[in-house]
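Please read the structure below before turning to the comments.
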Amino acid sequence: MTPIQSVLPAITPVLPEIVLSIGALLLVLYGAWRGERSSEGVNVGALILLIFTFFLVVSQTGNVTTLNGAFIADPFARVMKALILIGSAATILLSRDYFQRERIDRFEYPILIVLCTIGMLVMASANDLISLYLGLELQSLAAYVIAAFHRDDVKSTEAGLKYFVLGALSSGMLLYGASLVYGFTGTVSFPGIVTALNGPTSFGIVLGIVFVAAGVAFKLAAVPFHMWTPDVYEGSPTPVTAFFGSAPKVAAMAMTVRVFIGAFPDVTAVWQQIIVFVSIASMALGSFAAIGQRNIKRLMAYSSIGNVGYALIGLAAGSEEGVRGVVIYMVIYLAMTLGAFAVLLSLRRKDRMFETIDDLSGLSRTHPWLAFCLAAMMFSLAGIPPLAGFFAKFYVFSAAIQAGLVTLAVVGVVTSVVGAFYYLRLVKVMYFDEAKAPYERIPPGSAIVLGVSSAVVVLFFLIPAPLVAAAGDAAKSLF
């Protein structure tokens, strides 16, 4: 056997990450060589790279661990990686027109998105605490930079600084929790931790799990570690906000499921209490705090906090059905979020972007198609049938009821009703308020993202079987 043949089985599961890494280095070289003229080429190159990696991911099969057990390629990782790559590619499509108009179109941006994506892919496939932390930090460092990418804008700089300071705190908490888990189990490997926790659970392990939960809750923007979200969402450039609300949320949820189901399945009673509390608090705050918001980006920030709470209901169930519900929820949440931000990025007259609820006044008369798509996103986020958002909540609520968490499911239903108020308020403004001057034509990238997102949200109930089956396979691989 040649050296290449002996190394190939170890490299194949990591091939998507390797391809993205090499591609990012080549794009950096091309950008440095061409200078300011390279922006168009780097954007196209990054988009092609993400699409190619997507097909690499979906073409993989089986359940394989490599890198001495630190990295796992299973159906769960593949589904979440596919979603992450879709979210990153959609972000690049949404960003092009905005960055050109704002005169901040630099080649570094798509490269940072690619680097962030590499970290997120590692998070989805991490099978020990070290690889998990490495993926998390690679994703976070790139995210801090793109939050402050509009260097001449005070709000963008403030958003990047807040995100960095609070992100560093959360990383420290996660690392401290990981060190406690390692100290009391003697291993960083998830299968090794499972084996070590067969006996009685010590206080040190419980403390470690609490700190790990705090670290991952920050990345999810779950209460009580949500404080950065509204300011970062509002201050970041709008395409960056769309990115934060899509791909990193999927990666953080994948990481959370991987940690608790993969490393602590025998101490479910310990972490289930934490997840239930975080879920209820996130749903409640996301529903009530968004009522008074007039800025759409801040409203979407609180909406994302609430939606994380709904997704965590599935994880709290601690069952195969619960994880299936989480996967389905994240697929539909990705479509709803990207669709809503595609509309938001279309609210422009000449050199001015509009971001408040009042700016949607009479949108149905000036831009009927745009208003219909945004109304579909809002109805779906509110959980109104037969749109996709209803089924997303149905699967996580039913998993909670099967696991005996009836109170949690009831709280979810009640907060959904409260949240429907501010979603439907946007629809009321679009369809019943006085029309304002029409906006410019929707950019091509936003039109593509909005069309695909609307199709998923509106037509999901016609053909749900492929997604449900894929989510079922993903969940089964963890149990």
Is it the case that over 12 heavy atoms from other parts of the model lie below 6.0 angstrom from the CZ atom of F479? yes
So, K297 side chain and S236 main chain: donor-acceptor pair closer than 3.5 Å or not? yes
Could you check K428, H367, M430 and say which one makes a side chain to side chain contact (heavy atoms under 4.5 Å, CB included) with L360? M430
Would you check if the side chain of S189 reaches a backbone N or O of D128 as a donor-acceptor pair within less than 3.5 Å? no
Under a 3.5 Å distance rule, please check whether S287 uses its side chain to pair with a backbone N or O of A284 as donor and acceptor. no
From CA spacing to verdict: side-chain hydrogen bond (donor to acceptor under 3.5 Å, both in side chains), S398, E321: CA-CA 8 Å; S398 61; E321 291 76 17; over 6 Å; no
Checking the side chain of R425 only, and the main-chain atoms of I291 only, is there a donor and an acceptor separated by less than 3.5 Å? yes
Under 4.0 Å between a Lys/Arg side-chain N and an Asp/Glu carboxylate O for R298 and E234? yes
Check this for me: I463, atom CD1, are more than 12 non-hydrogen atoms of other residues, nucleotides or ligands nearer than 6.0 Å? no
Heavy atoms from other residues, nucleotides or ligands near CZ of F288 exceed 12 (cutoff 6.0 Å): no
Any chance CZ of F390 has more than 12 other-residue heavy atoms, nucleotides or ligands included, within less than 6.0 Å? yes
Would you indicate whether K436, at its atom NZ, is surrounded by more than 12 heavy atoms from other residues, nucleotides or ligands within a distance under 6.0 Å? yes
Step-by-step side-chain hydrogen bond (donor to acceptor under 3.5 Å, both in side chains) determination, K219 to S140: CA-CA 9 Å; K219 296 305 174 186; S140 298; 2.9 Å; yes
CD1 (I130) with more than 12 external heavy atoms under 6.0 Å: no
Please name all residues satisfying ring pair (Phe, Tyr, Trp, His ring centres under 6.0 Å) with F211, sequence neighbours left out, ordered by chain then number. Y176
Does the gap between the ring centers of Y439 and F354 come in under 6.0 Å? yes
Does W271 have its ring centroid less than 6.0 Å away from the ring centroid of F264? no
Judged by atom type as modelled, is there a donor-acceptor pair below 3.5 Å linking the side chain of S453 to the main-chain atoms of L450? no
For A70, does its backbone N or O pair with a side-chain atom of S131 as donor and acceptor, under 3.5 Å? yes
Using only atom types and a distance under 3.5 Å, with no angle test, would you say the side chain of T195 pairs donor to acceptor with the backbone of P191? yes
May I ask you to check whether S303 and Y422 show a side-chain donor-acceptor distance below 3.5 Å? no
Are S446 and S346 close enough that a side-chain donor and a side-chain acceptor fall under 3.5 Å? no
Testing I357, T356, L363 one by one against D359 for a side chain to side chain contact (heavy atoms under 4.5 Å, CB included), which residue passes? T356
Using 30° and 60° as the class limits, which term best fits the ring planes of F244 and Y163: parallel, tilted or perpendicular? perpendicular
Side-chain donor or acceptor of Q272 paired with backbone N/O of A316 under 3.5 Å: yes
